Amino acid sequence: MIRGTELLAVELWISQRLVEHGVPHITAGLTDARMRRERIRQGIVDNGLSAVIVGRNPKDRKPETYAQLFERVYGMRLNESRGDI
């Protein structure tokens with residue numbers, strides 16, 4: 001597998017779920033991992049989706065919110081800010 005493609009695959013899945021909730025595609029245009037992370041963050045926060053169930057955690061199969069998914073994928077909370085990825 002090409003390095004970084006696993007994260008991109010997850011981001012594409014999140015992007016599709018966000019589109020279903022009315023958020024524009026986070027992958028539009030030329031992006032890097034930091035930009036996609038921030039677009040995902042803004043899409044969740046700006047649309048009040050942090051408590052919305054987005055799916056199930058693959059490890060424990062429990063329902064997972066957008067906020068929990070963001071923290072699991074990026075290792076940081078929605079309200080944290082970090083310049084790197």
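Keep in mind the model is a prediction, meaning the values are calculated, not measured.
- Criterion: ILVMFWY side-chain heavy atoms under 4.5 Å apart, direct or through other members. Under it, Ile44 and Met35 are not part of a common hydrophobic cluster.
- Note that the CZ atom of Arg34 and the CZ atom of Arg37 stand 7.5 Å from one another [nearest 0.5 Å].
- Atoms CG and OG1, from Leu12 and Thr27 in turn, are 5.5 Å apart once rounded to the nearest 0.5 Å.
- Residues Met76 and Leu78 share a single hydrophobic cluster, defined by chaining ILVMFWY side chains whose heavy atoms lie under 4.5 Å apart.
- The heavy-atom pair separating His25 from Ser15 by the smallest distance is ND1-OG, 3.6 Å.
- Judged by distance alone, with hydrogens and angles left aside, the side-chain atoms of Gln68 form a donor-acceptor pair with the main-chain N or O of Thr65 at under 3.5 Å.
- Put simply, Val19 and Val52 are part of two different groups of oily side chains (I, L, V, M, F, W, Y) that touch within less than 4.5 Å, one to the next.
- With rounding to the nearest 0.5 angstrom, the OG atom of Ser50 is 10.0 Å from the CG atom of Asn79.
- To the nearest 0.5 Å, the span separating CD1 on Ile26 from CZ on Arg41 amounts to 13.0 Å.
- Heavy atoms of other residues, nucleotides or ligands lying less than 6.0 angstrom from NE2 of His21 number more than 12.
- Residues Ala33 and Leu7 approach most closely at CB-CD2, 4.5 Å, considering heavy atoms.
- Within the 4.5 Å cutoff, the side chain of Tyr74 has heavy atoms near those of the Ile40 side chain.
- In this structure, the side chains of Trp13 and Val54 come closer than 4.5 Å at one or more pairs of heavy atoms.
- At least one side-chain heavy atom of Leu18 sits less than 4.5 Å from a side-chain heavy atom of Leu49.
- Judged by distance alone, the side chain of Arg39 and the main-chain N or O of Ala28 form a donor-acceptor pair under 3.5 Å.
- Judged as a salt bridge (Lys or Arg N to Asp or Glu O under 4.0 Å), the pairs with a partner in residues 54-73 (not counting sequence neighbours) are, in order, Glu64-Arg72, Glu71-Arg77.
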(message) Pair Asn47, Gln42 - check side-chain contact (heavy atoms from CB on, under 4.5 Å), show working.
(response) CA-CA 8 Å; Asn47 290 278; Gln42 283 308 123; over 6 Å; no
